[in-house]
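Just so it is clear: chains get the letters A, B, ... in the order the sequence lines come, proteins before strands, and each one is counted from 1.
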Amino acid sequence: MSLLKPFSKLPELNTANILLVENEEQFQQILAETIVLLKKNVNVNVRLARSLPLPIENEKFRPRIDLVVFIINLTSELSYQSAEVSLKFLDPDYFLGKVCFLVTNARNASVPPERLISVRKLVASLHCPLLFAEDQMTDGVNTAAHRLLAILKVTSGHVPMATGLYLSSLTRCTVPSDIDQQNFD
Amino acid sequence: MADAMEEPRKDVLVHLNMLEMKANHLAVKQQEVWQVKVGREEQLNATLQALIIKRDQLKAELKANTSLQNLRTLLDKTNAPCERDVEDMENGSENSQTLLLMARHTQLKDLLHAHHLIGGYNVLLTKGKGVCVSIATAYEGLYLETYNLEINLQCKIRISRHNIPPFIPLETMVKQGNMQTDIRAFLDTLSQYLNAYVGRRQQLHLVKEIHNSVQVMESNALCTILVLMFTVPGEKARAALCTLEYNDHTQCLPTRVLIESEDTALASSPQWKKDQALLLETPVHRALVTLKKKGSIA
Amino acid sequence: MDQSMKRTLQRLIRRIPFQLLKTTLSKWAHILEEDLLLLDFTQPKCLFTENLLSLCEGKGTTVKHITELEMIYIIENPNQVMWRAFQLLDAREDAPSIELTQFKEQFKAHLTELNSHVSIKIKKHTDEAVWIRIAWGDNFTKPNHLKPTYAVHHLQTPYVFVTGLTVKHKPLLNQALVLTTRYGSIKDASLSGRNLVAIRDLLMRQYQQVFPTKHPKPLQEKNHVPTNPNIEKEQIENTENRLQMACEAFGDGTLPQLQKAVYQLETKFRDNSNRTLTGSDEPFRGVVEFTSTNLLESLRHAVSSGIASTPVTPLLSSITQKGRNYFVVTDKGV
Amino acid sequence: MAKAFNLLTSDLDVSSESDLSVSSRASNRSLRVAEKERRKSEAEDPFLLALKYFSEVKAGTPWMGNDVLERNLVLVERMGLTRGLPPEVISTMLDYAMSLRMGAPCVRVLKFLIPATVVPQEAIVRAVAWLCVGKIAISTQVLFLKWVLTFFDMIDSKDHLRSIYGFIFNFVTEEHLCPYICHLLYLLTRKDMLHQRSFIFSLSPQGRQPFLLHLLSLYKVFCPELVTTALPSKLRGGFKNHVTPWKGVLNAIQKRNTGQVTSDIRLTIGVKDGSNSRKRKCNHLQLPSLNSAVQRNLSSTNSRKVFPLEQLHSFPELLDNLHRIELPSQMGSLLGSSLALCYLDYVQDDSAFLRLNFWLGHALHEGKKASPYAQNCVLPVSTCQNCSPLCLFYAYVLSRAPQEGFFSTESFLYKFLNVWDGSLLRPQILGLLSHIPVVPSSCIHQLLFEPLMQLFFSSTLFFKCSVIECLNDMLLKWLTWHSVYSVEDGLDISLNSHTPMNMTLSGFMDSVMELVLFVGRLATVGLQLEGCSSLLLSFVLDFYETVCDMFLKFELPLVVMPPVGVFYPALFATDPVSVDRLCFIMCRYKQNLTAAKFQQQEHVFHISSQTYREFNRYQLLMVSTLWNSRLFQPGMAVEVDHNLLALSKVPEPSASFTLIRHPAFVGYALDFHLKCWPERKDMDLKSVKAGKHWEWYLEFLFSHGYLGLQQFVQSNINWHPGSGTKSQGQGDGQPTNG
């Protein structure tokens, strides 16, 4: 099994590369197109994958990847599981602030709450940020793109005095204990 | 009420956000326009590069091929070329062996192709366990449908799926023709059937297309029966009903032709006998043409 | 025009939805154009039916006419009812040479032999399909036109599509069909659906199948929009591969509309923790049912988008290959 | 017909003065009169004939294959389904149906009984009477109740219904009818009607289904002594809406003549319709518009008629009719109109708030009712955001002094923050967030800070700004509440009547402290990430303008200094405004601290010397930076090695941030220089420092409106415009003993 390593390649000038991993390839596509079209001062390459590991054959064309985003559609158990599996093929160095999770359909009524909890647990255990996205609405997608871009800029070192690790230490996900359930239900 | 909903400042922020989005969209539009301009250029460059590479490859292949050709001619002349003359024509290049093999390979391929041309079948391995045979049908030098069979070769040969119309009695053929031992024969009969069917259908199609005066009263899916109505000219023109039966389904010529009309004389007239013979041995659409020419039908 | 006939006509009119009413009636030879003008299609059904009845009273309508109207309606929109497919087995050698007129006579003959109190109506529709309408009665009752059976047969094909057939009359119909079509026997093809055309296409393989060929033509969905140069797809080829597989399993282009596929599992229950079930010789039954407005489309999508794993399991692919949508899965297999 | 109608209505008015039995007779009489009217007037209108038939048909007439009946039914049915039926027709048909005179068609009649304008209450009273006879099948009874609930707002007045409250109440024991009856009672109940204590006890032992609990809680609000059972503080899921049987028709009618039928029915459709979620989501967001469809003339003619809220057009009207106003069945509709809100404010009716709260909970947690999973928070997405109940509630909150904490929104917010993407309904969410009551410091991190942090740092500049602003508003609200509600001794404050939590002063101070520190952290990192964007900076300074005055403005004995991460960016900002504001803030701090110092003796509170020291450091630094160029020198806050500075090749670095060379002010300096020595070619800023010019320069700066700066200079630097050599202008004047 081939690990994806963050520092195995040299960065290129003024470029940032983001990898979107989603096992059902709808939202991925839309998001990618939005991100690419955003106004920005670095040129961003988006790579789409269904799951990790990535095929060996385009190993040598693949640039250094600055941010890995796992998109999880809460309504399907499968997408959660595949993300979980893919995680194993990621070099530990990535978890120093170069991974984040994007969850869609979190507000969907048909989602069992346990799933959201388990996602939170997983992400918290990896010390990664957890973003939520409204994939149904255009400005929802826009916002998601903006936020990912913001994180990408940091992780690819285009923001002075800030690193991915630093940012993720601030934005890392936490598992809410059930205080609010007691107090506010 | 909307303005009651946000204090002025919040308005500003929302507005700013919106403006940013707008600006972004505009930028995107411009980018697109720009890309159309530049992208074209890039495309052309890319194609140029690709073509150059292609050319080089082709050159190389050409070189290889010429030597291969020489070898081929040699092979074709003498079925077993002794290493020596290979050697001397290849002036001792180490890959002569591979060249030889390639030559053999091309030779065999050509043979296969030739065989396919004279009515063989297009066979290729499917992933996993089996082959896909495709049977091309043609009528009067005009290619029509291609039918496919996926044949499973694992333990005993059996057809896993196909797109042959249901009124072709495939099962009976499988039963009668001993497919397990001699698949070749089976395929032959099948293609015969198919070609005949397609031919008949094509004829019917042509009849409908060419002859407006002739009216197709009845036909069926397998095109084994065809009832035409035409008018026989004369002092008083009479409508005649002509039935063609194709009882031999492997042929696209009728086995039986009979005519009905209000005057019974017509059926027994010598004129009709000739026409009947004509209809029996030429495909119907052409027969009708000649009949028209002879003026035996209007 | 007696009470039962009135009832039949009322039922029929009630069945026909408003928007179809006019067109259907206009096709009915029994009513002329000018009569049609008299009728007011805006008033509610019940009143409309009254008027129609009175009109028919005048024209001396008979059962024949009404059945005619019904056939028109059913043939025009066959998708209102549930169709079952039957398959004729081991054809006699003269089977292919059957032809319409003799089919008509022989079928009527055979069926009336078996049961004299039936009224049969056979009509040839454009696409070589023969439509048979049978109203059943028995020795004591007149044929019941409220619950007719419809059978659709394509000459020279071993398939018959039937709707509204009761268990009581099944053997009669089957025997008549077998005898007339010169086959050895008939069996349930375990394929059913609301869309007659779809079932026919599926059985007669009249949908666009995909085979591995030397010269592959681009699959319908393959030509997607060219994307931005900055977007790179890893694993692109295996998506294409998936698409190919999906199309080989379920076909290309628009697929026949099936509503459901049912898998009945009959197996031995094995679980040491649960003695009672494991011990019992009675097989353990479970039913899995897939339903969709267009099942095959959704399955293909599921496979091509990778929601379902590839290669396609024979259980799914045999819907198209075997032309069935009801399977009994036992320990030995399908 | 119209004439008949008027006559009938006036009749009804007469009847409604009299008691129940009379009224029914009266209405019968009215019918008779109407009959006469008809006979005179019309040339045999088939429709009227049909009505006649239904009003007169004998009991026990067969209906199977009864063509006359069929024809008439069809007539009325079509009328009902297309245009809706006028009041008197309603009463006739309802009477006919409920009396079961011909048995079967009852259900069918109810199905097409769509009122065009109003439902006369007598009709319903009579129907209830028939209900008491109890020949009717349960299912039919349920259908009838659904019908009543659906068209409740169209009932012209409810006083007679109220007078038979007891009767209606008795049906509670029917377990099939119970939910609907409870709902009906819930809508009918008034404070003055709860004197028959007996039945309430009969209610309490029953099961704890939500509808019962809702009713009980309403009773509890009215007269707590009656309801003994303990009720949960929050109830999930309000009453269902029961529109299904009429849905299709209503949709059709609405398509034809919009505005005719109350649009709150549209709401009920949405809420009821669980089948396809997309539709539900869109629909149930539409707020019920105020509409009780009562004729104006009715209400004006006699004083006991209700005055429909939607007919309030002016404030005086409101004042005139205060005593006659009914709360609508869909409380949400109140949020629509400002006058209605005024009314709500005026009555201060707990039951109203209770009902509003239920409605809100119902609207916000709609998704939960739809799904068995009661936890994940579902805010239905609407394309037009203005019609989401949230927005209207938000508008409501803004339009009034927000004292009531609506816990249903709070809990909703806390959940929603955890799954928020940061853009959906942003203004509303943040607005509501800024209105939440004080959160105890124990769970403030959990509930607010964690989710906000995660959103804040991964979002755009504008989002950051609006978050800071929102937190600023929140702080302001809290402080205001504190200053308003704090009792004299200043130790125990109960924030308001509706939030359950009471807080000690120390607890409150902890929360505020937490909040301020949190914003400090946000601001520090935010500024860093955004490259000290001056927009963000200004929002941050807004916040600290609030913070620095906590003691003087809101007498909260708490002073918190800004972190260095905020202070330095502000001090070295490139725009003069920020610097100016920083100066102003520092002045305020000074005043607060000095004031606090004097009060500390007699009061118990204590401000840590740490704060003073911090303040002094900042103060000293500012003076030495802006005024007497002593930056980077030993003893100052920022120390840099000389050699290092030398490397930077900046001439006299220590003076590089004085008022003259500070990047924010250098522009003015140049301008000033030009004005003073227009003829000079070589620019020499030093000359500005010299003697008089310096004073003029300062005046020049102040004249540009940098009042903060002015204040700062005047308060911190004993600098006399007369003898202006700034040599003795030592930055001092710090509050004594740091």
Practice problem: Answer yes or no: is there a side-chain heavy-atom contact under 4.5 Å between F457(D) and I151(A)? | Solution: no
Self-check item: Nearest-0.5 Å distance that lies between atom CE in M453(D) and atom OG1 in T171(A)
Solution: 8.5 Å
Quiz item: Just wondering, do V103(A) and V419(D) contact through their side chains at under 4.5 Å, heavy atoms?
Solution: no
Quiz prompt | Atom group of L167(A) that falls short of 4.5 Å from chain D, counting heavy atoms | solution = side chain
Practice problem: For residues N418(D) and R120(A), report the shortest heavy-atom separation together with the two atoms involved. | Solution: O-NH2, 2.7 Å
Quiz item: Where do F132(A) and W420(D) come nearest, in terms of heavy atoms and distance?
Solution: CB-O, 3.9 Å
Quiz item: How long is the span from the OG atom in S458(D) to the CG atom in L102(A), to the nearest 0.5 Å?
Solution: 10.0 Å
Exercise. Counting only heavy atoms closer than 4.5 Å, note whether S459(D) contacts chain A via side chain, backbone, both or neither.
Key: both
Quiz prompt | Derivation and outcome, side chain to side chain contact (heavy atoms under 4.5 Å, CB included), residues D421(D) and L131(A) | solution = CA-CA 7 Å; D421(D) 77 326; L131(A) 310 186; over 6 Å; no
Quiz item: Can you tell if the side chain of R147(A) reaches within under 4.5 Å of the side chain of L455(D), non-hydrogen atoms only?
Solution: yes
Practice problem: List the steps and the verdict of side chain to side chain contact (heavy atoms under 4.5 Å, CB included) for Y166(A) and Q528(D). | Solution: CA-CA 12 Å; Y166(A) 178 37; Q528(D) 184 186 352; 3.2 Å; yes
